[in-house]
Student: 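Right, I'll just put the structure down here and ask away after.
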Amino acid sequence: KINKGRNSLLPVNINAGSEPKYSSNWVPFAMIILAVKTKGTSVITDDVFIKRGQFINCFHNKNNFAGIELSESVINGRKAMKAVIIGNGNSRINGGSTDLCEDIRGTAGIVLSAIIAEEPVEFFGDFQLSRGYEDLVGDLKKYEFIEEVNAG
């Protein structure tokens, strides 16, 4: 939902999982967008991959996602992730450095976070960037999102 006349999105509740629900694969991207572009509290639940939000804990600067609280829940007898996202409509991601993320979608979430961060984000390893994304590192270099790549 777009809040007409404003430059922010309205808060939402998203139930992610298997079809016909919102795709679990898109949860990291939704979390980032809701954290920086909504004003108010949004909630995302995911009963497919309960660690889908783990990428926010990879950042060393904990202020980057201080407005997101992750917890486990139970939905229809299944474990689920619950993310409560408090957005102020103009948040920024500060930048910093990250640890490796085990999840391919979380890794993509780190890349998106780095693209919109105020300061550079430094990360090490391939972060699964070469798995599932055709030459993502090359594309990021081509569009000047990456300043330096050191192999090895």
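Counting from 1, the numbers follow the sequence of the chain as shown.
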Student: Tell me every residue that passes side-chain contact (heavy atoms from CB on, under 4.5 Å) with L70, counting only those two or more places apart in sequence or in another chain.
Tutor: M31, I56, N57, I68, M81, A83
Student: So T41 and P11, do their side chains get closer than 4.5 Å, heavy atoms only?
Tutor: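 Not in contact.
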Student: Starting at CG of D103, measure out to CZ of R52 and round the result to the nearest 0.5 Å.
Tutor: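 Result: 4.5 Å between the selected atoms.
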Student: Carefully, step by step, assess T98 and H60 under the rule side-chain contact (heavy atoms from CB on, under 4.5 Å).
Tutor: CA-CA 6 Å; T98 70; H60 295 176; 5.7 Å; no
Student: If hydrophobic clusters are built by linking Ile, Leu, Val, Met, Phe, Trp and Tyr wherever their side-chain heavy atoms come under 4.5 Å apart, do Y22 and V48 end up in the same one?
Tutor: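 No, because Y22 and V48 fall into different hydrophobic clusters, even though each may have its own neighbours under 4.5 Å.
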Student: Should I85 and L112 be regarded as members of a common hydrophobic cluster, given that ILVMFWY residues are connected when their side-chain heavy atoms come within less than 4.5 Å of each other, either directly or indirectly?
Tutor: yes
Student: Within this structure, what is the OG-CZ distance for the pair S23 and F29, rounded to the nearest 0.5 Å?
Tutor: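 The distance works out to 10.0 Å.
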Student: Keeping to residues at least two apart or across chains, list the side-chain hydrogen bond (donor to acceptor under 3.5 Å, both in side chains) pairs with something in residues 61-86.
Tutor: none
Student: Which residue pairs pass the side-chain hydrogen bond (donor to acceptor under 3.5 Å, both in side chains) test when at least one of the two sits in residues 110-119, sequence neighbours left out?
Tutor: R92-E118
Student: Using only atom types and a distance under 3.5 Å, with no angle test, would you say the side chain of S42 pairs donor to acceptor with the backbone of V12?
Tutor: yes
Student: At their closest point, which heavy atom of G95 faces which heavy atom of F59, and how far apart are they?
Tutor: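 Heavy atoms only, the tightest pair is O-CD2, 4.5 Å.
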Student: Which residues pass the side-chain contact (heavy atoms from CB on, under 4.5 Å) test with E19, sequence neighbours left out?
Tutor: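 Testing E19 for side-chain contact (heavy atoms from CB on, under 4.5 Å), a comparison that skips the adjacent residues, returns none.
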Student: Tell me, please, which residues at least two apart from F55 pass ring pair (Phe, Tyr, Trp, His ring centres under 6.0 Å).
Tutor: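 For F55, the residues satisfying ring pair (Phe, Tyr, Trp, His ring centres under 6.0 Å) (neighbours in sequence not counted) are F65.
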Student: For I32 and G109, work out which heavy atoms get closest and say how close.
Tutor: CD1-O, 3.2 Å
Student: State whether D47 and K21 are salt-bridged, where the test is any N-O pair (Lys NZ or Arg NE/NH1/NH2 against Asp/Glu carboxylate O) under 4.0 Å.
Tutor: yes
Student: Should V43 and I75 be counted in the same cluster of Ile, Leu, Val, Met, Phe, Trp and Tyr side chains packed under 4.5 Å apart?
Tutor: no
Student: Return the minimal non-hydrogen interatomic distance between I110 and C101, and the atom names on each side.
Tutor: CD1-CB, 3.8 Å
Student: For a quick test of reading the model, state the closest non-hydrogen atom pair linking G106 to P28 and the distance between them.
Tutor: N-CG, 4.1 Å
Student: Are I116 and V111 co-members of a hydrophobic cluster defined by side-chain heavy atoms under 4.5 Å apart?
Tutor: yes
Student: Hey, could you give me the SG/CG distance between C58 and D99, rounded to the nearest 0.5 Å?
Tutor: 6.0 Å
Student: Under the side-chain contact (heavy atoms from CB on, under 4.5 Å) rule, collect the residues that match up with N15, sequence neighbours excluded.
Tutor: T45
Student: Would L34 and I14 count as a side-chain contact (heavy atoms from CB on, under 4.5 Å) if you check the C-alpha gap in whole Å, the side-chain angles of each, and the deciding distance to 0.1 Å?
Tutor: CA-CA 11 Å; L34 293 170; I14 297 173; 4.2 Å; yes
Student: Which heavy atom in L10 sits nearest to a heavy atom in T38, and how many Å separate them?
Tutor: O-CG2, 3.8 Å
